[in-house]
Protein chains: 2
Amino acid sequence: MAGPTLRDVAKRANVSIRTVSNVVNGYAPVSDELRARVQAALDELDYRPNLIARNLKQGRSGMIALVVPELDVPYFAELAREVITAARARGYVVMVDQTDGDVERERELLGRNSRATMFDGLLLSPLSVTAEELRARGHRVPIVLLGEHIFNGSFHHVAIDNVSAAREATAHLLALGRRRVAAIGDQPYATGETAQLRTSGYRQAHAREGLEVDERLIVPTPRFHRRQGATAMEQLLTLPEPPDAVFCYNDLLALGAMRALTRAGLRVPDDVAVVGMDDIEEGQYSTPSLTTVAPDKKEIARMAVDVLMESIGGTPRPPAEIVVPHRLIVRESTTGQAPAVPT
Amino acid sequence: MAGPTLRDVAKRANVSIRTVSNVVNGYAPVSDELRARVQAALDELDYRPNLIARNLKQGRSGMIALVVPELDVPYFAELAREVITAARARGYVVMVDQTDGDVERERELLGRNSRATMFDGLLLSPLSVTAEELRARGHRVPIVLLGEHIFNGSFHHVAIDNVSAAREATAHLLALGRRRVAAIGDQPYATGETAQLRTSGYRQAHAREGLEVDERLIVPTPRFHRRQGATAMEQLLTLPEPPDAVFCYNDLLALGAMRALTRAGLRVPDDVAVVGMDDIEEGQYSTPSLTTVAPDKKEIARMAVDVLMESIGGTPRPPAEIVVPHRLIVRESTTGQAPAVPT
DNA sequence: CACTATGTCTGCATCGTTGCAGAGCCCTCA
DNA sequence: TGAGGGCTCTGCAACGATGCAGACATAGTG
C-alpha cells in the first residue's frame, strides 16, 4: 500500500536521502552522473513524494478551503469554478465544503477540532454565522469573506455594491414604466444583511423617482431557491392590485417567479416583468431569458484569492472591503427582445 | 502565526507531551485532577491540533478528492453535493477539483507530482482520459470511477444502465406516437463511450417497435452544454422533414434545444417533444418543465463513497461495476401536462 | 606549494503528532 | 510482608520530508 520513500530510493541508488531529495526538487547542484543514477532509481520504484510529510516540514499545505452554503446552487457552483481556477493559477488547490446554511456546520469550522488547521486559508461565504461570532472565536487561519454580511472591520470581504445593484435593477423596471414593482427576497433579521442592502436599493430607486413603496409588494423569503420564488409570486398574485414587475434578489427566485407566472397564465414581460441577480447561466436559456444584475464572478474569485494569498504570504494588510463591479444585463424578461445570441 | 503545539501545552501544564495528547484524544486514562490541569492549559493557549502532523503520523488524511470535468454543470454540482454529504457521514471531507475536460489536467492527476498522494482515495469522473491510461499509469491511491467510460475490469465503477435509460426515454417518445425522434449528443469516438451507450439504447427502442432510424436525426455534439443543444436543434430544424421529438443525452442539451425551439416559434411539446437525462433541478422549473431520466444521484454518491471506503479500509474487493437505479420522470415537455407540484 | 574558493554530497536535527514499552505508585490479597 | 496487578504517566522513536552546516575533493590563485 504505502509507496517507496526517499529512503528506499536512496538505498537503491546508494546515495544519501538528502541527495535524492535534491534531485527530486532540483534544489542543489548534482553531478550528471549521480543525477542519472538517482533518476533511474526514482523511475524504477515509481517514487511519489509524500505531500503530507512535505507539508508538515514546510508548514504550509498548498490548500485553501472554500465554504459555501450549497454547492448545487448555480451561483455558488459558478463561483466555485472561478475560485478553483484562480487558486490553481496561484499553485493552490481548493477544498470545497458546504454547510447547508446550518449554523452548527458553520460553527464547526471554527471549533476546536476543525479541519481548518489543514488549510493555508479560508474563503467563507457564511449564511448564518455572524462576523461577530467569527471574530469572537479564535482563528489561526487567514479568512476572507465572500458576498455575505456587511463589513465589520474584522475580515477581508469581497462583494459587489448590493445597494447600487438593487437600485439599478429596480430603476430599470421603473424606467420601463412599471409602477407596481414588487421585491422578492427580503430578510428582515440579523443574518439577512445582504438582503436588507438590496431592499434598501429597491427603496432608493423608488425614492429617486418620487414614488411610494407599497409595503405589501415586499415579500420576504427565508431562502433563495426557485421554490421560494414561485411561492412568493403566487402570493403576490393574490393581491387586489397585483404587481406589473418583480425584482428578485437572485436569479433562482426569479426563475421560480417566472414559473409561477407562466403557470398562472400570465405573460413575461407583457403582464409582469422580471429581474434577477447573479447572472447564472440558466437565465440565458430560460424562456423568456432573464434580465439580471451580473456580478463579476471571475473578479470576485480573483480578488478573494489574491487577498487570501497576501494574508497567507505574511504581509497582512488591514482588513479591507473590496467592491467588485457589476452590470445590468437586459434580456427578454423585461423587454421581450431576445438578445442576439446568449452570451 | 503558528499556533501552540502539544509541547507548549505540556510545558504550561507541567506534564509530558504524551499526556496532553492523551487528554486531547481521550486515549488513555488520566486522573481527573491532571485532566483538569491539562484542559486548563489547552483552553488558555487555545490549542488546535495540527492535522497535517496527525495525518503524517497516522498515514491517512481523512480527505478524498472528487474530480469532475466542470463544477458549474448542474449535474456535477448536484453530484458533488451528494458526495460531500455521503463522505461527511463517513468522517471524510472532500476536495473538489475540475479538469475542464482537459486531457492534460486529467493526466496531471496521475503524474509524478500529483496531489493525489495527499488523499486517501479518489472519485474520478473522467471525460478525456481513458481507463486504459489510468491503469497504465501507476496509482497508489484507490480510485472509483463515476458515470463515464465503460467497465474494463481495472476499476470500481458506479453508473446507471445507460442503454436501458436511453431506451426507456426514447420508447416514451415513441409511445406518444412520435415517429421522427431525433437524438442529440452522440460522440462516435474513443472517449465518448457513455454517449455511444445512449445511442445504442436509442436504436434499441426503435428496433423494438420495428422502426427504422433516420441517421440524419442523430446529431453528435462535442460537449453537453446548453449551447450545443441549441445549435444541434437549429440544425435539425433545417432538415426537409424536421423531427417531432428529441431525446437529448443530458438535461442541459435538452434545455438548449427547447430554447432553440421556442425561438423558432415552435411549441414544446405540441410541435416537438423533448426528453433529457440527469434530472437537474433546473428542469423542474423550466417552461415547459422537462421530462427526463433521473439517475439516483444520492445512491451513486453513497455507493461510490462506500466502495472507496472499503478500498481504503484495506479490504479491497475485486473491481466491480455497480449499477445504480434510474427512472423516467414525465413532465410537460412531452405531455404538456404540468405535474402537480415541482418535486 | 600552501591556501582559498568552488562544487558536490552527506548527516543531523526538526516539523507536531502518535505508537510502544515501560516506570512508578498504590492497593490488594495470600 | 511481599508478590502481583491495575492505574497513571512518561520518554523515546518514528511518520517522510526539508533546512542547515559542514565534509570532502577538486580547481584556481599568488
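Numbered from 1 within each chain, the chains take letters A, B, ... in sequence-line order.
With hydrogens and angles ignored, the 3.5 Å screen pairs no side-chain donor or acceptor of T117(B) with any backbone N or O of N50(A). For R12(A) (side chain) and A41(A) (main-chain N/O), no donor-acceptor pair under 3.5 Å exists by modelled atom type.
Nearest-nucleotide mapping onto DNA chain D: of E33(B) and T5(A), the residue sitting toward the 5' end is E33(B). When each of R35(B) and Q58(B) is assigned the nucleotide of DNA chain D bearing its nearest heavy atom, the one mapping closer to the 5' terminus is R35(B).
The CZ atom of R60(B) sits 19 Å away from the P atom of dC15(D) (whole-angstrom rounding). One interatomic measurement links the two molecules: NZ of K11(B) to C1' of dT10(D), which rounds to 17 Å at whole-angstrom precision. Going from atom CG of N55(A) over to atom C1' of dA17(D) covers 10 Å, rounded to whole Å. A straight line from CG of N50(A) to P of dA14(D) spans 17 Å, rounded to a whole angstrom. Rounded to whole Å, atom P of dA17(D) lies 14 Å from atom CE of M118(B). Atom CG of L56(A) and atom P of dC15(D) are 13 Å apart (whole Å). Atom C1' of nucleotide dT8(D) and atom CZ of R37(B) are separated by 13 Å, given to the nearest angstrom.
Here D296(B) does not pair with K298(B) in a salt bridge; the nearest charged N to carboxylate O distance is not below 4.0 Å. Salt bridge status for E82(B) with K297(B): absent, with no side-chain N to carboxylate O gap under 4.0 Å.
Rounded to the nearest 0.5 Å, atoms CD1 (I160(B)) and CD1 (I300(B)) are 6.5 Å apart. Atom CD in E44(A) sits 10.5 Å away from atom CD in Q39(A) (nearest 0.5 Å). Note: I52(B) CD1 to Q58(A) CD = 10.5 Å, rounded to the nearest 0.5 Å. Interatomic distance, L308(A) CG to Y92(A) OH, rounded to the nearest 0.5 Å: 8.0 Å. Atom CD in Q98(A) sits 11.0 Å away from atom CG in L66(A) (nearest 0.5 Å). The CG atom of N55(B) sits 10.5 Å away from atom OG of S61(A), with the distance rounded to the nearest 0.5 Å.
Each end of the helix from dC1(C)-dG30(D) to dA30(C)-dT1(D) gets its own axis from five base pairs, and the two axes differ in direction by 60°, given to 10 degrees.
Nucleic acid contact for S31(B): sugar-phosphate only, since backbone atoms but no base atoms lie under 4.0 Å from a heavy atom of the residue. Among the heavy atoms of the strands, none lies under 4.0 Å from L51(A). Within the 4.0 angstrom heavy-atom criterion, base atoms lie near N22(B).
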Enumerate all atom pairs, one protein N or O and one N or O from nucleotides 20-25 of chain D, separated by less than 3.5 Å.
unit_1: dC20(D); atom_1: N4; unit_2: R18(A); atom_2: NE; d: 3.4

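When DNA chain C is scanned 5' to 3' for any atom under 4.0 Å from a heavy atom of chain A, the first and last hits are dT8(C) to dG16(C).
In this model, the phosphate group of dC15(D) is not approached by any side-chain N or O of R54(B) to a distance below 4.0 Å at OP1 or OP2.
Residue V20(B) forms a side-chain contact (heavy atoms from CB on, under 4.5 Å) with just one option from N25(B), T5(B), V38(B), and that option is V38(B).
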(request) Step by step, work out the side chain to side chain donor-acceptor pair (under 3.5 Å) result for H225(B) and E70(B). (result) CA-CA 11 Å; H225(B) 288 192; E70(B) 291 168 292; 2.8 Å; yes

